[in-house]
Amino acid sequence: MPKLIVDGREVEVPAGATVMQACEMAGREIPRFCYHERLSIAGNCRMCLVEIEKSPKPVASCAMPAADGMVVHTMSEKTRRAREGVMEFLLINHPLDCPICDQGGECDLQDQALAYGRGTSRFEENKRAVAEKYMGPLIKTVMTRCIHCTRCVRFAEEVAGVEEIGALFRGENMQITSYLERAVASEISGNVIDLCPVGALTAKPYAFEARPWELRRTDGIDVMDAVGSNIVVGHRSGAVMRISPRLNDDVNEEWLADRSRFAADGLRERRLDRPWVRVAGRLQPASWAEAFAAIARAVAGVGKDRIAALAGPLAAVEEMVALKDLMTGLGSGRLECRLDGSAVAAPRAHYLFNTTLAGLETADLILLVGTNPRFDAPLVNTRIRKAVRGGRARLFNIGPAADLTVPVTELGDDLGLLADLPAALAGALGAAARPAMLVGSRNATAPVLEAAHAVADRFGLVRDGWNGFNILHDAASRVGALDIGFVHGGHLAGLFADPPAVLFLLGVDDLDLAPLAPAFRIYLGTHGDAGARAADVILPAAAYTEKPGTWVNMEGRVQRALRAVFPPGDAREDWTILRALADVLGIRLPYDTLDELRRRIASEWPHLGRDGLEPAEWAPFQGEGAGPPAGPARRPATSHYLVNPICRASPTMHACVREIEEGAGPALLEAAE
Amino acid sequence: MPSAGGFSGFRWTEANALRAAEIIGRYPPGRQQSAIMPLLWLAQYQMLEQTGSAWLPLPVIEYVADQLQMPRMRALEVATFYTMYNLKPVGRFHVQVCGTTPCMLRGAEDIMAACRAFGLKTGEVTHNGLFTLSEVECLGACVNAPMVQVNDDFYEDLTPETMTAILEAFARGETPRPGPQVGRQFSAPLGGPTTLRELA
């Protein structure tokens, strides 16, 4: 372990650390533009120059390995002048348009020019200008501002795995662009907006919407997939302006999928802001009292087992517990959350992503069964990329052939292969030290699960210090719902076989309910989508940014979000609606505040009272005799940009479908642009 | 931005396909994209043979990138970085006048003027499709300044008159003798040897 002296302080750093890391360990801030912890080192911005004794010139600290006995000066006159020189060159071709730049206020160049630059400019010549580049519906470009740090290029190549961004030409003519100015076809492309240290790449939907210092920031949890990405909701005057990632190395690192970042404009569209009741076949606006009365009339006289409740993909644990308590009060146990038709069930370890997201990086074999992680959970795919790119992991896929941005051995779209493993896969599984199997929840039917259990047992996927059995969920609510037992023995099929007379729908929009048409449908949700259109009573509820809630991600990690803004109009937090409705139905739910509800949850499910990940107790699989799986894997019903009502209400997500998936060119610019 | 320029349907000729395979074979398997520069160069020669213009339309760059199984963006970066790859059509004879200091001091500007007087324009193809004029940086023949490079050959020790004569010869379909145009051998002293006059 090399020891070196930084500004007179001795620090010991791990072998292989850079001088920049050593300086940071010594508590010194080193300015930088091109260097980023999660990308390869480029060393091209030169902002991190420091003085190292016995070196004739200042050294780029980001690319210099720390060596024993180095004496580094980060505050010396030589270092200061080197930084001023670099900054002066960077500013030569950078426009002074901070007042109209969306990066203003959170711009690395602005901050570092203030801290490390000269106070004035000596440059009197013409600046270069670069034409704007089209990069798709999410990324707005102002390429004159670009300082060529190449972070976006490295991100596209290394993390996103989509080598479509590059630097053309050279020297003063160098330009960052997407290939032939096509839309960047990545599901996590929005991260280049965060990475860009200047205002060259900014968010197109957020252009000129708000200034960073006007925004209030509230910590939240993303619900667009089951990863449970940690987010910061930026809001102003009661409206969500933007969503950005929050650092959590165990979950989303510092990335965010595009739909998680950009579907936020769907929170303003098509919102349900008052109750509705269907009268003579038509939905009519109603008061809360009228809506509750209509429900009470429908429930009265209906047999206990003729009432059922379904929990949709976005629900938080609180409202699902309240709905479960309400159903218990009504005497019905017909609850179901597995709307994708999966048969996953307790014990807990049998429906979790046991390897954990971070643990997946260390796998040496990954078998995908009926899932496309790139679209079901984009940030799981970045973990798979890390495992494969290190040259360690081999990737196998049973299911529709997919471009996962890494080499994958396609075994064929036949789930029967799971019961009758191809020799190549069986050999690799037998030899692997850390094999992981990812079963898509969409395809986790009883036969598939049984075959998967057999594979797990045969090859010892669960072994000392390693658990390679994973269910890859695609709904944010699912694991929480399974944890609280929002299921019944008959699965979804049982519900359809014996149609209920009254159906509570907690944000259920993506399930074809036509077979249940005679049932009286009570829809509790946020958007005027499929579920609301078919409902008999609509109760307007709060979206994920509008309520304090608990979500459990696919690993089983319990995470809490805070309320950023209030729901629109008469809409209320979901659990309070159910609490009030219970009163009307003559059932007393024993909690009046969120704290009391959370105490009630923690008393029955202690792990839901504690934040973070607790490993689930492993239990051996039980055979059920479901028979062998067969046939092609189920595919998602919609584009991954349109997976839930919030996405479908979002103009940006529709632009993504048009411009990225269908390849239509850029929408016409408005005259003012 | 590189364009297709209406060109499509590029394939290696039989000879060049063998040559390309030989070039790719110089690199270890999995590292075949190291061959991008020689292959683009080879493709540019083939374009000269087949179309009379040594340039790289976009479909050619993509053809080479696909053959090397590398992202097209990476190939385009290489093609746009190096000035020896022409991204626009050039004339059959690409006249590259060196304008760096030694040549300039020895009259490069007069050479440039002679080219212009002959009808050449910087970066443009003459009407007969024969010539394109470029000003380039040092080509390493300073001792014979001023000089130009026409396709693969150096023409050195030029005067406006010899430059015009060279262009006229090309226009007639001849190939003037490359090298110094003042009668000396390579970069030997003007007017004959000053040392080692006799063979030992």
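Chain letters run A, B, ... following the sequence lines, proteins first and then strands; every chain starts at 1.
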For the CZ atom of A:Arg170 and the OH atom of B:Tyr82, what is their distance to the nearest 0.5 Å? 7.5 Å
Roughly how far, to the nearest 0.5 Å, is the OH atom of A:Tyr179 from the CZ atom of B:Arg74? 11.5 Å
Check whether more than 12 heavy atoms from other residues, nucleotides or ligands sit under 6.0 Å from atom CD of A:Glu37, and answer yes or no. yes
Would you say CZ of A:Arg128 has more than 12 non-hydrogen atoms from neighbouring residues, nucleotides or ligands within 6.0 angstrom? yes
CG of A:Leu180 to CE of B:Met73: how many Å apart, nearest 0.5 Å? 8.0 Å
What parts of residues 150-163 of chain A touch chain B if we use heavy atoms and a cut-off under 4.5 Å? A:Val153, A:Glu157, A:Glu163
Would you indicate whether the side-chain heavy atoms of A:Leu168 and B:Glu77 approach each other to under 4.5 Å? yes
Which residues pass the salt bridge (charged side-chain N to carboxylate O under 4.0 Å, His left out) test with A:Arg182, not counting sequence neighbours? none
Any side-chain to backbone donor/acceptor pair from B:Thr80 onto A:Phe169? Under 3.5 Å, distance only. yes
I'd like a table of donor-acceptor pairs (distance under 3.5 Å, sequence neighbours excluded) in which one partner is a side-chain atom from residues 186-197 of chain A, with atom names and distances.
| from | atom 1 | to | atom 2 | distance (Å) |
| --- | --- | --- | --- | --- |
| A:Ser186 | OG | A:Ile188 | N | 3.1 |
| A:Glu187 | OE1 | A:Arg374 | NE | 2.7 |
| A:Glu187 | OE1 | A:Arg374 | NH2 | 3.3 |
| A:Glu187 | OE2 | A:Arg374 | NE | 3.4 |
| A:Ser189 | OG | A:Asp258 | OD2 | 2.9 |
| A:Asn191 | OD1 | A:Leu256 | N | 2.9 |
| A:Asn191 | OD1 | A:Arg261 | NH2 | 2.8 |
| A:Asn191 | ND2 | A:Ile188 | O | 2.9 |
| A:Asn191 | ND2 | A:Leu256 | O | 3.0 |
| A:Asp194 | OD1 | A:Arg261 | NH1 | 3.2 |
| A:Asp194 | OD2 | A:Arg261 | NH1 | 2.9 |
| A:Asp194 | OD2 | A:Arg261 | NH2 | 3.0 |

Below 3.5 Å, can you tabulate the donor-acceptor pairs from side chains in residues 107-122 of chain B to any protein atom, sequence neighbours excluded?
| from | atom 1 | to | atom 2 | distance (Å) |
| --- | --- | --- | --- | --- |
| B:Arg116 | NH2 | B:Thr122 | OG1 | 3.3 |

Would you find more than 12 non-hydrogen atoms of other residues, nucleotides or ligands less than 6.0 Å from A:Arg38 atom CZ? yes
Is the number of heavy atoms from other residues, nucleotides or ligands within 6.0 Å of CZ (B:Arg172) greater than 12? yes
For B:Arg26, is the CZ atom crowded, meaning more than 12 foreign heavy atoms sit under 6.0 Å from it? yes
Considering residues, nucleotides and ligands other than B:Glu174, do more than 12 of their heavy atoms fall under 6.0 Å from its CD? yes
Against chain B, label A:Thr177 side chain, backbone, both or neither, depending on which of its atoms sit under 4.5 Å from a heavy atom there. both
